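A short write-up of the structure that comes next.
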Protein chains: 2
Amino acid sequence: MRGLRLQDVADKAGVSVSTVSNVVRDRPHVSAKMRHKVQTAIDELGYRPNRVARQLATGRTGFIALAFMQITNPYFAELGQMMSRVAERAGYRVLFEETGASLEAERELLTDLDSSLVDGILLQPSAISQRELARTRTDVPLVLLGEASAPLTLDHVMIDNVAAAREITADLIAAGCRRIAFVGHEETALSETSRQRLLGYQEALQAAGLGVDPARLVAFDAAPVGTVPSAHLPIGRALDRGLDADALVCRDDLVAFGAIRAAQERGLRIPADLAITGWDNTWASALAFPGLTTVSPNLATLASTAFGLLAERIDGYAGAGRHVVTSHSIVRRESSPPPAAGGE
Amino acid sequence: MRGLRLQDVADKAGVSVSTVSNVVRDRPHVSAKMRHKVQTAIDELGYRPNRVARQLATGRTGFIALAFMQITNPYFAELGQMMSRVAERAGYRVLFEETGASLEAERELLTDLDSSLVDGILLQPSAISQRELARTRTDVPLVLLGEASAPLTLDHVMIDNVAAAREITADLIAAGCRRIAFVGHEETALSETSRQRLLGYQEALQAAGLGVDPARLVAFDAAPVGTVPSAHLPIGRALDRGLDADALVCRDDLVAFGAIRAAQERGLRIPADLAITGWDNTWASALAFPGLTTVSPNLATLASTAFGLLAERIDGYAGAGRHVVTSHSIVRRESSPPPAAGGE
DNA sequence: TTGAAAGCGCTAACAG
DNA sequence: CTGTTAGCGCTTTCAA
């Protein structure tokens with residue numbers, strides 16, 4: 001089977017390699033007779049085209065890279081799954097690339113991966129600066145995902161984090177919560193993601209005439225990459241120190257799971273004693289008890305939009321960066337009180 | 001930057017392409033002087049080798065495929081992460097391939113992917129039969145993962161599912177549980193995985209002189225691929241129908257999470273009223289409340305063993321199939337009573 | 001419509 | 001130790 005070339009098929013069928021090539025690629029201008037003769041030879045020999053040789057000849061690999069912090073975060077697993085499906089329909093394969101949120105890994109990705117290995121890159125940056133991104137060689141098409149601020153020159157797809165944070169916080173207020181804390185933003189280096197979500201949280205409080213109490217901001221640094229997340233420990237400590245809150249707006253679902261655990265360990269009823277919300281709507285938020293109220297990005301739209309932009313770049317589009325905001329919704333489950341519940 | 005060839009570097013440095021090639025690949029027998037001259041040219045030009053051309057010339061891609069049901073299952077995400085790290089150290093990249101547990105996808109993988117795209121395949125089969133696997137063309141090196149029975153001709157890495165199931169069940173018995181149910185095996189088509197875990201469960205019960213009551217087997221079909229798992233619904237129904245059990249040995253962690261939710265919805269205390277165990281020890285089992293007692297495969301060993309076997313095959317080993325059993329342990333958390341607890 | 005031949009960029013014999 | 005050259009298997013003009 002190995003080493004079966006276009007030439008072998010051509011010999012067997014008594015035609016030229018280019019005719020066989022045309023048949024293999026299903027191109028027009030091949031007579032039905034030829035096509036049949038060649039197809040027979042292909043079938044009998046069990047010929048399969050060598051993708052690498054084709055890649056070298058065409059200059060395209062049919063691969064795109066999808067780079068993010070880590071695959072064990074269910075949000076990225078779901079994003080990756082969705083992206084693979086979208087890409088597959090267009091004949092692309094997706095290569096997952098973990099950066100571990102490290103600056104070097106993100107840099108390396110942009111320089112090292114260009115080497116004709118992929119036709120384009122989808123990157124959800126977490127460490128690299130906007131300036132460095134802007135300066136990056138435009139060698140290989142690049143589309144950015146997520147809320148990190150992106151240079152105007154690059155394509156970028158995100159959801160409106162500020163609005164979503166505002167909405168989910170407003171929901172809690174409408175349900176009667178008055179002492180709402182924000183949980184899970186970074187302690188040492190605030191990420192752009194956390195910044196935007198904090199902003200929306202603050203806006204919602206102010207719009208309701210509620211003060212923003214710094215004592216209700218529970219920051220901590222996430223567990224090291226590859227480690228089991230353990231958000232329940234710092235949250236537990238905050239509760240033990242007497243955090244004065246009737247609701248927790250968590251930075252993401254993983255933090256929210258930790259919050260649920262910390263609350264339950266302390267015998268707090270959710271949402272009666274403490275409402276909890278998350279962010280991402282991954283599978284686990286439906287399976288948690290109580291079910292987690294959370295921000296749900298429209299992953300299908302996000303993935304197809306991002307892939308679409310990248311495909312256009314690959315096909316030669318060279319215009320200015322396009323910044324697209326895709327939709328989200330709030331999924332209400334049992335971890336937050338129903339809006340109809342009224343005041344305290 | 002694009003279209004910068006070995007020849008360009010050679011011209012600039014005033015040497016031949018093969019010398020440049022030798023420098024790029026860091027091969028011996030190049031004088032320090034030459035090396036320096038060439039390296040300077042490489043740096044000034046910003047040359048990067050074209051991986052695809054190298055692939056065509058060497059016949060190796062540096063890719064291996066890792067194929068499994070679905071990436072959103074945290075076990076596979078963690079396995080994939082671990083495998084990527086192991087492979088990276090050996091200079092390989094891992095291509096994730098979702099089969100969705102479909103027979104066609106697994107077949108396609110073995111025929112379609114061989115086309116010089118990857119140097120080898122790691123497959124955790126779920127639908128394809130042992131006979132079909134045995135008959136598969138040995139075109140591209142293949143190593144099987146998981147407990148599906150594998151043909152003797154192929155390499156295979158797994159943990160001892162029967163023993164692990166026996167151990168975790170015996171643990172529950174030692175802690176005083178007497179009415180232990182098994183939860184989450186398939187209703188319509190029992191998988192080999194479930195079969196082995198059921199077997200170990202049964203053996204432990206019999207070894208303790210406890211009868212095996214068919215009424216304590218709670219089977220149901222998993223949610224369709226890509227859907228939110230909802231094991232809590234069928235488990236809830238079983239509880240409502242009066243399932244007579246003081247412990248649930250769950251097929252895997254996802255089922256266990258559903259069991260926790262179903263139990264908590266009904267006000268059952270875990271483990272006092274109902275002990276629950278899982279399988280996989282994914283990150284979520286530490287974050288659940290109560291923390292989940294679960295079987296923990298040694299993922300690092302599993303990944304490096306499987307990769308090692310595959311690398312040997314890629315490097316030409318052509319001997320008989322090797323079947324390796326890697327270690328596991330039981331991680332005890334709060335969802336099961338401590339062994340010291342004694343009788344009821 | 002079909003065929004011949006020149007690359008795609010790199011590696012690896014072999015010669016010098 | 002360095003250079004020359006013939007592939008790797010496919011695509012793609014360009015002639016026929």
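Lettering follows sequence order; numbering is per chain, from 1. The basis for the numbers below is simple: all heavy atoms, side chains too, and nothing from hydrogens, waters or symmetry mates. Everything numeric here is computed off the predicted structure, so don't read it as measured data.
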### Query
What is the distance from CG of B:Asp11 to C1' of D:dT4, rounded to the nearest Å?
14 Å
### Task
Could you state the atom-to-atom distance from CZ of A:Arg48 to P of D:dC10 in whole Å?
12 Å
#### Entry: Check: B:Gln81 side chain, A:Gln70 main-chain N or O, donor-acceptor pair, under 3.5 Å
no
### Message
Could you check whether A:Arg5 pairs with A:Asp11 (Lys NZ or Arg NE/NH1/NH2 to Asp/Glu carboxylate O, under 4.0 Å)?
### Response
no
### Query
How many Å lie between CD on B:Gln7 and P on D:dT5, as a whole number?
12 Å
### Query
Within 45° of the ring axis of A:Phe307 and under 6.0 Å from its six-membered ring centre, is that where the NZ or CZ of A:Arg89 lies?
no
#### Entry: d(CG, B:Leu6; P, D:dT4) in whole Å
14 Å
### Query
Closer than 4.0 Å, any side-chain N/O of B:Ser18 to the OP1 or OP2 of D:dG3?
no
### Start and end of the DNA chain C segment that chain B contacts, any atom under 4.0 Å from a heavy atom
C:dG9 to C:dA12
### Message
Whole angstroms only, please: what is the CZ-P distance between A:Arg25 and D:dC10?
### Response
11 Å
### Message
Taking CD in A:Gln7 as the centre, count heavy atoms belonging to other residues, nucleotides or ligands within less than 6.0 Å. Is the count above 12?
### Response
yes
### Query
Judged by atom type as modelled, is there a donor-acceptor pair below 3.5 Å linking the side chain of A:Glu78 to the main-chain atoms of B:Thr72?
no
#### Entry: D:dT11 phosphate, OP1 or OP2, under 4.0 Å from A:Thr58 side-chain N/O
no
### Query
Has B:Leu152 got more than 12 heavy atoms of other residues, nucleotides or ligands less than 6.0 Å from its CG?
no
### Query
B:Val24 near the nucleic acid: base, sugar-phosphate alone, or nothing, with a heavy-atom cut-off under 4.0 Å?
nothing
### Task
Evaluate the criterion salt bridge (charged side-chain N to carboxylate O under 4.0 Å, His left out) for residue pair B:Arg313 and B:Asp119; output intermediate values, then yes/no.
CA-CA 10 Å; B:Arg313 291 271 172 202; B:Asp119 296 336; over 6 Å; no
### Query
NA contact type, A:Val15, heavy-atom cut-off 4.0 Å: base, sugar-phosphate, or nothing?
sugar-phosphate
### Query
What integer distance in Å separates A:Arg5:CZ from D:dG9:P?
6 Å
## Note on the structure
Whichever of B:Val17 and B:Leu56 has the more 5' nearest nucleotide on DNA chain D, that residue is B:Val17
